[in-house]
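Note that the numbering runs from 1 along the sequence shown for the chain.
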Amino acid sequence: ELAVRETLSRKVGAYSDLLRENCNRIGDLDLALGKAQYAIKRNCIRPEIIEEHLIGLINGRNLLLEEILENKGKKVCPVTISLKDGVACITGANMGGKTVSLKLVGLCAMLAQHGFFVPCEEARVGLSSYIHILVGDSQNLQRGLSSFGSEMEELKAMMDHSKDRALLLIDELASGTNPVEGMALTRSLVDYFSKKP
């Protein structure tokens, strides 16, 4: 039995390069088909990739929220947004869709960056050199950091890595500290990124 296995292994091994190449091609084809099927199922479109660093989405939909609402027999409210280099602040009432909109921008930027279709009626995307999204509770119990401490650590990493054509999405910065300090930190951060080339 061992001798038969050894003989067969040698015969198959002689074609290892060809087999590996075919496996890679089958994998590429499988990925392309999966991307296409998902785009059709979720009504996604091919984004227009442009040279200018901006993101323009017309009637974009957050896919996770859309799926949750569809299961409840409801429709998602689409978002139209246009962002370019600089700082933009989204304000509004609680439960008004600010975080969902922020996540939608990040989702579409990442999907476009990796060759996927996006959940919009129309999309123009300038590719980014660095994308970082800071959303939600980032408490790190293993390292003994509070939500605020972890958020500051992540914010430092964002600032260290952000260069030309970076997309930084930050939701409710410093919400884990008192409102006066949180507002001061947010203002200083907006001022810093406004002046950064």
Do you know the tightest heavy-atom contact between Leu167 and Ser128?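 It is CB-OG, 3.7 Å.
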To check you understand the geometry: which heavy-atom pair defines the closest contact between Ile131 and Gln113, and what is its length?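 Scanning both residues completely, I find the closest heavy atoms to be CD1-OE1, 4.1 Å.
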Listed by chain and number, what are the salt bridge (Lys or Arg N to Asp or Glu O under 4.0 Å) partners of Glu51, not counting sequence neighbours?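 For Glu51 there are no salt bridge (Lys or Arg N to Asp or Glu O under 4.0 Å) partners, ignoring immediate neighbours.
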Results of salt bridge (Lys or Arg N to Asp or Glu O under 4.0 Å) for Glu52 - residues two or more places apart only: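 Scan of Glu52 (salt bridge (Lys or Arg N to Asp or Glu O under 4.0 Å), adjacent residues dropped) gives none.
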Run the side chain to side chain contact (heavy atoms under 4.5 Å, CB included) test against Met159 and tell me which residues pass, sequence neighbours left out.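 By the side chain to side chain contact (heavy atoms under 4.5 Å, CB included) rule, Met159 matches Leu155, Leu189, Tyr192, Phe193.
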Please list, chain by chain and in numerical order, all residues satisfying side chain to side chain contact (heavy atoms under 4.5 Å, CB included) with Glu122, sequence neighbours excluded.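 Per chain and number, Glu122 pairs via side chain to side chain contact (heavy atoms under 4.5 Å, CB included) with Ile58.
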Please go through [X]'s hydrophobic cluster and name the other residues, only I, L, V, M, F, W, Y counting, with side-chain heavy atoms under 4.5 Å joining them.
| X | result |
| --- | --- |
| Leu8 | Val4 |
| Ile50 | Leu54 |
| Leu64 | Ile68 |

Quick one: which residue pairs count as a salt bridge (charged side-chain N to carboxylate O under 4.0 Å, His left out) with a foot in residues 124-135, not counting sequence neighbours?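 Only Glu48-Arg124 qualify under salt bridge (charged side-chain N to carboxylate O under 4.0 Å, His left out).
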Tell me, do Cys120 and Cys108 make a side-chain contact under 4.5 Å, heavy atoms counted?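 Yes - at least one pair of side-chain heavy atoms lies under 4.5 Å apart.
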Is there a side-chain contact between Leu111 and Pro119 in this structure, where contact means two heavy atoms from C-beta onward sitting under 4.5 Å apart?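 A side-chain contact under 4.5 Å exists here.
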Separation of [Y] [atom2] from [X] [atom1] (nearest 0.5 Å):
| X | Y | atom1 | atom2 | value |
| --- | --- | --- | --- | --- |
| Ile133 | Met110 | CD1 | CE | 7.0 Å |
| Leu65 | Lys103 | CG | NZ | 10.0 Å |
| Leu168 | His132 | CG | NE2 | 8.0 Å |

Sequence neighbours left out, cut at 3.5 Å: what donor-acceptor pairs do the side chains of residues 23-31 make with other protein atoms?
{"unit_1": "Asn24", "atom_1": "ND2", "unit_2": "Arg20", "atom_2": "O", "d": "3.4"}
{"unit_1": "Arg25", "atom_1": "NH2", "unit_2": "Glu21", "atom_2": "OE2", "d": "2.8"}

If hydrophobic clusters are built by linking Ile, Leu, Val, Met, Phe, Trp and Tyr wherever their side-chain heavy atoms come under 4.5 Å apart, do Val105 and Phe116 end up in the same one?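 No, it is not one cluster - the side chains of Val105 and Phe116 are not joined through contacts under 4.5 Å.
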Shared hydrophobic cluster for Val118 and Leu104 (ILVMFWY, side-chain gaps under 4.5 Å):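 As far as the 4.5 Å side-chain criterion goes, Leu104 and Val118 are not connected within one cluster.
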With Asp191, which residues qualify under side chain to side chain donor-acceptor pair (under 3.5 Å), at least two apart?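 With neighbours one apart ignored, the set is Lys195.
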Compile the donor-acceptor pairs under 3.5 Å between side chains in residues 74-100 and protein atoms, sequence neighbours left out, one pair per line.
{"unit_1": "Thr80", "atom_1": "OG1", "unit_2": "Asn59", "atom_2": "N", "d": "3.0"}
{"unit_1": "Asp85", "atom_1": "OD1", "unit_2": "His53", "atom_2": "ND1", "d": "2.6"}
{"unit_1": "Lys98", "atom_1": "NZ", "unit_2": "Gly92", "atom_2": "O", "d": "3.2"}
{"unit_1": "Lys98", "atom_1": "NZ", "unit_2": "Ala93", "atom_2": "O", "d": "2.8"}
{"unit_1": "Thr99", "atom_1": "OG1", "unit_2": "Asp171", "atom_2": "OD1", "d": "3.3"}
{"unit_1": "Thr99", "atom_1": "OG1", "unit_2": "Asp171", "atom_2": "OD2", "d": "2.8"}

Counting heavy atoms not belonging to Tyr130, are there more than 12 under 6.0 Å from its OH?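 Yes, enclosed.
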Return all side-chain donor-acceptor pairs below 3.5 angstrom for residues 32-42, not counting sequence neighbours, or 'none' if the list is empty.
{"unit_1": "Lys35", "atom_1": "NZ", "unit_2": "Gly115", "atom_2": "O", "d": "3.1"}
{"unit_1": "Arg42", "atom_1": "NH2", "unit_2": "Glu66", "atom_2": "OE1", "d": "2.9"}

